[in-house]
Participant: 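Next up is a structure, given as structure tokens.
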There are 2 protein chains.
Amino acid sequence: MSSSHTRRRPTHRKGRATLTRESVGRAALDFLGRYGPAELTMRSLATELGVSPRALYNYVEDRRDLITVAAEIFESGWHSPPLDPARWREDLRAFCRELRAHYRRHPGMTTLAYSENITMARHPVMLRNVDALIGLFAQIGLPLQDAYRACMETIRLVAGFVELQDSLHDRPPAHVTPDDLDRLPPPWLRGSPEDLPYLSRTATLEPDSPDTLFDFAVDILVAGIAARLPA
Amino acid sequence: MSSSHTRRRPTHRKGRATLTRESVGRAALDFLGRYGPAELTMRSLATELGVSPRALYNYVEDRRDLITVAAEIFESGWHSPPLDPARWREDLRAFCRELRAHYRRHPGMTTLAYSENITMARHPVMLRNVDALIGLFAQIGLPLQDAYRACMETIRLVAGFVELQDSLHDRPPAHVTPDDLDRLPPPWLRGSPEDLPYLSRTATLEPDSPDTLFDFAVDILVAGIAARLPA
DNA sequence: ACCTGAACACCGTTCAAGT
DNA sequence: ACCTGAACACCGTTCAAGT
């Protein structure tokens, strides 16, 4: 059993753990969470790993492939909470809440995946999450086709919210002041009040936190799905 | 009236129309629609305009600013259809349908804006669209706060759908075959059937077109909003 | 087998100089 | 006033050569 093709791959080299496809992807996901998508370059990641840029190409085909690996590791890191048909409203809310939290732990992951045209959700763990959610909708009485659609819509709601709303609060652009974001109307919706009767009247309202807005979106979803259930 | 500071800016130079901030932004938006976000670089746009890259910097501060101008022109190019509270369900559906079509006419506009952390929707025309939609929700009986939230959720639904669903069909990644996309389950949700009872059973269903999926999402929204109306 | 260093073709952006 | 051409510091990626 000492022929060359069964010999173990060395685990260290020059005092540093040997790279693998997975360790490189994991490092990319870490880097993304710490510095954001713009900073994640082949060169900066190589420097972070104490290696030359060329070395990464022994484990990933190119930058797109690197991001694909990072996305797979990202997806494998979250499990759906238990989903009980008897209390589907609360459990669906918990599913959405926890999935949102997972997305926010890795800001820019979805932005990056979509700007690189990478289709996510191929990891077995995420497939099981999807299957469990379809199962929940099917068990409460939705036809399978609607259960599938409702599952896709749920995931899209969460991903879209993180992408389009949370990203603004979690990483505000340089020119806006963070506390101005929570005022109503928000900075990007301010115009001449005479043309905008309803929008300008929102200035009298209590400002919404992102959490409140998210709860509202999920409430709409829950009510919308409930309305489709057989009576 | 011939003093130097009232003299008209020349409209042509070397047989070519003079650049303006707006014409540069419009060219960027055109270019985006034709070649996609990855091809839109300062250098390629300059070549397209028959000018050196440096010339663009006389009208926009940098690439981010260029994209901001393109986003403003994009927003100014769509008007909400009339929204009548008496038939709010149909009119809300029409709003969503037409807004989706506008987004799809300029693929990558939202992806690009979000990957560059640009907050859109500052153009007066888009502000009026937002105001009209809040107005619709307020007029059918939602409290102003809920009307505002419902408006944000509607726009997020459309933008998220185009971003996360239509972009896949309109510009499929190189490695997937377009007609495989419409099968159920979709390519990125295929796994071992024994672990995925519900997901694998979707293979027996009629495949969903993006339009059908979109209609379903809007139906959920309409029903969810209807459930919040005072009885 | 896996790495480094140098190189290539790109990119955004700036400088100095032209007209 | 507005442009060009050259340059700088980056990027992804590849080549040839090291150990």
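Letters go in sequence order (proteins before strands), and every chain restarts at 1.
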Participant: Less than 6.0 angstrom from the centroid, inside 45 degrees of the normal: does B:Arg100 satisfy that with respect to the ring of B:Phe214?
Facilitator: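 Verdict for B:Phe214: a cation-pi partner in B:Arg100.
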Participant: For B:Ser209 and B:Thr212, test the side chains for any donor-to-acceptor distance below 3.5 angstrom and give the result as yes or no.
Facilitator: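 A pair is found: one side chain offers a donor N or O, the other an acceptor, under 3.5 Å apart.
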Participant: Quick one: is B:Tyr59 getting a side-chain N or O under 4.0 Å of the D:dA1 phosphate, OP1 or OP2?
Facilitator: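 Checking B:Tyr59 against D:dA1: no side-chain N or O falls below 4.0 Å of OP1 or OP2.
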Participant: When you match B:Asp62 and A:Ala55 each to their closest nucleotide on DNA chain C, which lands nearer the 5' end?
Facilitator: A:Ala55
Participant: Give the rounded distance in Å between these two atoms: CG of B:Leu19 and C1' of D:dA1.
Facilitator: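 From B:Leu19 CG to D:dA1 C1': 13 Å.
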Participant: Once you round it to whole Å, what is the distance between P of D:dC11 and CG of A:Leu45?
Facilitator: 12 Å
Participant: At less than 4.0 Å, is any side-chain N or O atom of B:Ser52 found next to OP1 or OP2 of D:dC3? Yes or no.
Facilitator: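 So the side-chain polar atoms of B:Ser52 never come under 4.0 Å of the phosphate oxygens OP1 or OP2 of D:dC3.
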Participant: Rounded to the nearest Å, what distance is computed from the CE atom of residue A:Met42 to the P atom of nucleotide D:dT14?
Facilitator: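 Computing the A:Met42:CE to D:dT14:P distance gives 10 Å.
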Participant: Could you give the CG-to-C1' distance, from A:Leu49 to C:dT4, as a whole number of Å?
Facilitator: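 Taking CG of A:Leu49 and C1' of C:dT4, I get 16 Å after rounding.
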Participant: Can you check whether any acceptor in the base of C:dG5 is under 3.5 Å from a donor in the side chain of A:Arg54, or vice versa?
Facilitator: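 Absent.
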Participant: Could you state the CG-P distance from A:Leu56 to D:dT14, rounded to the nearest angstrom?
Facilitator: 13 Å
Participant: Any strand counts, and the cut-off is 3.5 Å on both contacts for Watson-Crick or G-U wobble. Which nucleotide pairs with D:dA9?
Facilitator: none
Participant: With a 4.0 Å limit, can you tell me whether B:Asn58 has a side-chain N or O closer than that to the phosphate oxygens OP1/OP2 of D:dC3?
Facilitator: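 Affirmative; the distance criterion is met.
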Participant: Please confirm whether the ring centroid of B:His123 lies under 6.0 Å from the ring centroid of B:Phe74.
Facilitator: no
Participant: Ignoring hydrogens and angles, tell me if any N or O in the side chain of B:Ser44 forms a donor-acceptor pair with the backbone of B:Glu39 under 3.5 Å.
Facilitator: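 Here the side-chain-to-backbone pair exists.
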Participant: Send over the distance from B:Arg43 CZ to C:dT13 C1', rounded to a whole Å.
Facilitator: 9 Å
Participant: Once you measure the plane-to-plane angle for A:His102 and A:His106, does it fall in the parallel (<30°), tilted (30-60°) or perpendicular (>60°) bin?
Facilitator: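 Perpendicular.
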Participant: Give none if D:dC2 has no partner; otherwise give the nucleotide forming a Watson-Crick or G-U wobble pair with it, both distances under 3.5 Å.
Facilitator: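 Check on D:dC2: paired to C:dG18, both distances under 3.5 Å.
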Participant: If I take atom CD1 in residue A:Ile67 and atom C1' in nucleotide D:dG12, what distance separates them, rounded to the nearest angstrom?
Facilitator: 12 Å
Participant: Checking contacts here: which listed nucleotide (D:dC3, D:dT13, C:dG12) is nearest the side-chain heavy atoms of B:Tyr57?
Facilitator: C:dG12
